[in-house]
Amino acid sequence: MTLLLAVYAHQIGQRRGEQTFSAIVNDSRDALTMRMDSYLLSLNSLAAFYEASDDVSAQDWAVYVEALNIEQTLPGVLGLGFVLPTDGPKLLNLLDDARAGGEPELVVHPQTGRTDKMIIRFIEPMSTNAAARGLDISFEENRRTAALAARDSGLPRLTAPIRLVQGENSKIGALLLRPVYDHSPIPDTQQSRIATHVGWVYAPFTMDDGLHDLFPNGDGDSDYAVSVQDAGETIFNAGKPAINSPFTRTQTIDVYGRAWTVTWTGTAAFQKAHVSYLPLIVLISGLGMSYLVWRYLRMLSNRENEINALVERKTRALSDRAQQNRAVIENSVFGVMQLDSEGIVRSANAASCAILGVEKAELTGRALSDFVVQDEPCEGDGQPCAAHAMRNGEVCKLEMQTNVWRRSNGMRVQSVLLRDITKEATSLQALTDTEQRWNLALQGAEIGVFDVDLRSNTSVVSETWRRLMGVPLDSEIDTQAHFFSRVHPDDLPALQAADRDAILGNTPRSVSEFRIRMADGSYRWLRSDAVIVERDADGTALRLVGAQTDITALRAAETAIKHGQELLDLVIERAPVGTAITNGNGTMLRANGALSAITGYPEDKLTGGHLSLMLSPAERDSFMEAIMTLRGDAHGNYRGEHLICCADGEERWGLVKVSWAFDPAQAMEIYIVQINDITTEKRAAKIKSEFIATISHELRTPLTSIKGALGLMGTKKLEEKSGPVTRLLEIATTNTDRLINLVNDILDLEKISAGKMEFNLDSIGASDLVSVALESNRPLLLKSALTFRLIDMSGGAHVLADENRIAQVLSNLLSNACKFAPPKTAVAVQISVVGDMVRFEVTDRGPGVPDAFRDRIFGAFSQADSSDTRQKGGTGLGLNISRQIVERMGGTIGFESEPDVRTTFYFTCPVATDQDWDGDGNMPLKDARKQPDLAGAV
């Protein structure tokens with residue numbers, strides 16, 4: 001009988017260990033399930049966000065994902081993204097949408113050869129998921145199979161173990177995909193689900209990072225080891241199992257379509273902690289009972305021996321019971337301690353030491369308050385209360401239960417039970433934090449949520465809803481009645497009709513926009529989007545859940561856009577300049593009355609017609625090529641003079657200006673064409689040009705004769721030449737030279753303006769050009785005792801330019817510098833190479849350029865002192881001619897001026913490249929290149 005009881009006691013100890021291990025397994029499995037459910041909860045929120053938004057941009061997605069704080073709330077998840085199914089035609093639209101949203105170029109990869117693709121449209125955070133953006137997940141069968149299964153079933157699906165494109169490729173990962181449809185609820189049939197499918201929200205995660213905090217870390221104190229397999233492949237391992245452990249559990253868990261085989265195995269530490277001494281106690285107790293029977297037989301013969309044996313037996317029985325109670329207490333999973341009336345620990349079991357993380361010798365003899373802090377008062381009536389303690393430097397949450405009783409001698413004693421609830425408190429706090437984050441996300445997005453019980457016509461609303469409505473958070477009101485009392489009377493019928501259609505099932509959703517009266521009497525626009533989430537067996541709607549957002553700003557923006565469009569239409573129609581808007585092919589989308597008046601074509605004829613209708617055949621192709629170069633440049637424009645073909649056959653001159661823009665409303669590029677009628681100006685310019693040419697030629701001949709005569713008179717040796725005569729000859733010669741220079745400048749200006757000046761470009765040494773110019777202008781130095789200073793930093797560079805024209809530019813700049821430089825100073829000339837251009841600078845220390853004259857210094861006939869009594873002579877054409885010469889040769893001209901300190905005029909010329917030289921590398925090209933005719937370009 002003793003042996004049977006010992007075996008039974010052994011079975012009880014084994015069963016207790018099995019129950020404890022089963023509880024651990026159940027907690028571990030629940031933690032795993034809760035973790036995966038938290039992933040799905042995040043995807044459900046993303047799906048709701050996507051479905052509730054008319055248009056989700058990359059910025060919207062990034063802001064929403066950032067608000068979720070996935071690094072803290074979703075361990076192991078690398079990011080949250082949206083996968084968009086698309087085929088060949090839709091792919092171009094997808095890429096255009098990405099560009100239109102200002103996103104970086106969306107690169108679809110890898111190339112699978114499939115026409116139907118599954119492209120990751122959004123993925124955040126971008127810093128760790130850049131490699132996944134634009135990924136076609138159909139390139140790999142596991143991903144494609146899971147995505148199609150989710151779409152067809154309407155349920156979330158997990159992929160088989162894969163290697164993710166982001167993160168560490170050595171880690172095993174997976175994708176959790178949740179399908180998104182264009183309406184709720186999810187369609188009942190597979191065919192309708194496929195037809196209404198719009199994409200997947202998904203979460204990529206790694207097994208190690210996602211599961212490591214749910215299971216033991218492999219140290220020697222853990223109770224169990226765990227192994228997770230998917231289709232025979234081990235995807236996660238943790239802990240060190242004991243050899244031939246009797247504590248083993250294997251369960252197959254359905255994780256969103258994947259069968260995970262999870263095996264829990266007890267560790268050596270767990271086996272050691274669950275060794276039961278009860279069989280030994282029972283065996284000893286049984287032997288003691290046998291001994292008592294033997295003693296009882298002896299007692300029959302000896303009364304005194306019987307009494308002694310009875311005393312001894314009772315003593316042994318009490319001792320055994322005390323040992324049994326002590327063994328039960330020592331092996332309890334709860335901490336059990338006994339305190340005296342002063343709160344000093346007199347005894348404690350092993351579980352108490354383990355919970356508090358101290359040795360028994362350190363715990364016994366000290367006050368319990370040294371180790372445990374009560375978070376709420378314990379009355380000593382056996383009711384549990386909250387407490388906490390420090391264990392290994394970390395706070396552990398405890399449930400403490402105290403009972404007060406008295407011994408037979410009247411001494412007051414306390415029995416204390418401790419239970420470690422750290423994991424439970426952590427899980428509860430995590431759930432609370434998650435709920436708070438969802439509320440904060442809704443508040444941040446300014447989305448008010450409501451849940452209406454259609455049976456009682458009562459509703460539960462979020463704090464954000466109360467803020468939108470201006471209702472105090474702590475007020476007790478009938479939110480349903482209060483809401484309808486504040487809807488604008490004109491908008492109430494449409495709102496009620498939308499709700500009624502959704503309740504009756506006529507429409508999948510109740511969507512409406514309406515005005516709400518605020519406390520100050522003003523109205524704000526709200527948008528409501530609700531859906532029926534529960535119906536009874538008869539199809540009667542029971543619950544209506546939805547969200548409301550403030551769209552007052554959006555409504556104001558729409559109104560402003562509408563008014564702006566009306567104003568733009570009015571401006572175009574009333575504009576005195578001929579205006580047309582064309583598409584990328586040159587077809588006119590609209591034309592105003594001014595353009596109709598210029599061309600003679602009616603507006604309805606112009607609208608829908610091509611630009612070539614108004615252009616001469618010789619200019620059509622070149623004009624279209626010129627404006628096509630504006631594509632994508634919102635700041636550039638084209639300007640040119642062209643012949644306009646009118647409806648009556650007349651040709652008129654028009655100044656044509658074209659700019660490019662993108663119309664986001666129509667998702668198309670447009671060109672704005674403006675035409676000014678300059679026929680009269682062109683005719684006047686032609687008359688002026690002919691007049692100036694005639695006058696200039698008529699002046700040049702007599703001036704040449706006068707100059708020759710004066711030269712002869714000046715060189716003739718007159719014996720009686722008087723001082724006044726000599727002075728008059730010098731004045732006449734100087735004024736004749738000024739008149740000849742004026743005529744030459746006017747002719748040069750006219751040639752350039754008419755595009756008739758030829759430029760013979762050669763490769764010429766930059767320093768040679770300057771040396772010749774300095775030598776030619778040396779006589780200018782004598783008037784004011786000036787000197788020339790050359791600073792050559794060109795390194796022997798050559799320029800591609802017309803030697804004579806560059807000499808003319810240098811002479812103009814040197815002449816101006818000598819004219820304004822103070823006496824006895826130096827005029828500096830510097831040559832340097834800047835990129836692919838050679839820069840020529842002429843610097844003097846004169847008074848500089850007045851601020852009022854800087855904007856027109858390069859204009860024709862422009863002089864800072866234009867009065868009749870100005871001290872410095874000149875025609876005012878030199879800088880204008882110089883500018884046009886430099887620009888025709890591909891350079892730029894400008895100046896920098898600091899009055900009375902330094903004034904620098906500079907211009908640039910292109911550096912002559914290797915192809916501008918002959919085979920020896922140091923000789924100019926034999927044949928000079930001639931600039932093309934640029935008539936009309938100025």
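In what follows, residues are counted from 1 in the order of the sequence shown.
Inter-residue side-chain proximity for N880 and R883 is flagged as met; some heavy-atom pair is nearer than 4.5 Å. T582 places a side-chain heavy atom less than 4.5 Å from the side chain of V673. Considering only heavy atoms from C-beta on, W660 stays 4.5 Å or farther from Y638 through its side chain. Looking at heavy atoms from C-beta onward, Y671 lies out of side-chain contact with S659 at the 4.5 angstrom threshold. The closest side-chain heavy-atom distance from V911 to V799 is not below 4.5 Å. Between I857 and F895, some side-chain heavy-atom pair lies under the 4.5 Å cut-off. With contacts defined as side-chain heavy-atom distances shorter than 4.5 Å, the pair I831/V770 qualifies. Taking 4.5 Å as the limit, some side-chain heavy atom of F907 sits within range of a side-chain heavy atom of V809.
Contact between L106 and A98 at its shortest, heavy atoms only, is CB-CB, 4.1 Å. Considering every non-hydrogen atom in both S882 and N812, the closest pair reads OG-ND2, 3.1 Å. When all heavy atoms are compared, the tightest approach of V849 to S897 is N-OG, 3.0 Å. Residue R789 comes nearest to I791 through the heavy atom pair NH1-CD1, 3.5 Å, listed as atom of the first residue, atom of the second, then distance. Closest heavy-atom contact between T903 and G848: OG1-CA, 3.1 Å. In terms of heavy-atom proximity, M588 sits nearest to L606 at CE-O, 3.2 Å.
Other residues, nucleotides and ligands place more than 12 heavy atoms under 6.0 Å from the CD atom of E650. Around atom CZ of R639, no more than 12 heavy atoms belonging to other residues, nucleotides or ligands sit under 6.0 Å away.
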| field | Intermediate values then yes/no, side-chain contact (heavy atoms from CB on, under 4.5 Å), Q830 and Y906 | value | CA-CA 9 Å; Q830 179 174 311; Y906 64 86; over 6 Å; no

Task: R133 and E103: CA distance, side-chain angles, deciding distance, side-chain contact (heavy atoms from CB on, under 4.5 Å) verdict - done: CA-CA 11 Å; R133 183 172 179 266; E103 303 175 37; 3.0 Å; yes

- N585 and T587: CA distance, side-chain angles, deciding distance, side chain to side chain donor-acceptor pair (under 3.5 Å) verdict: CA-CA 6 Å; N585 298 324; T587 302; 5.5 Å; no

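In this structure, CZ in F905 is found 6.5 Å from CG in N816, a value given to the nearest 0.5 Å. A distance of 8.0 Å separates CD in E803 from CG in D762, rounded to the nearest 0.5 Å. Separation of atoms CD1 (I885) and CD1 (I806) is listed at 8.0 Å; rounding is to 0.5 Å.
For residues 833-843, the set of pairs meeting the side chain to side chain donor-acceptor pair (under 3.5 Å) definition, not counting sequence neighbours, comprises R839-E841, T843-T904.
Put simply, the residue from V577, T579, L595, T599 that forms a side-chain contact (heavy atoms from CB on, under 4.5 Å) with I675 is L595.
Although no hydrogens or angles enter the test, the distance criterion places no donor-acceptor pair under 3.5 Å between the side chain of N676 and the main chain of I678.
Ion pairing between D677 and R652 holds under the 4.0 Å rule for side-chain N and carboxylate O.
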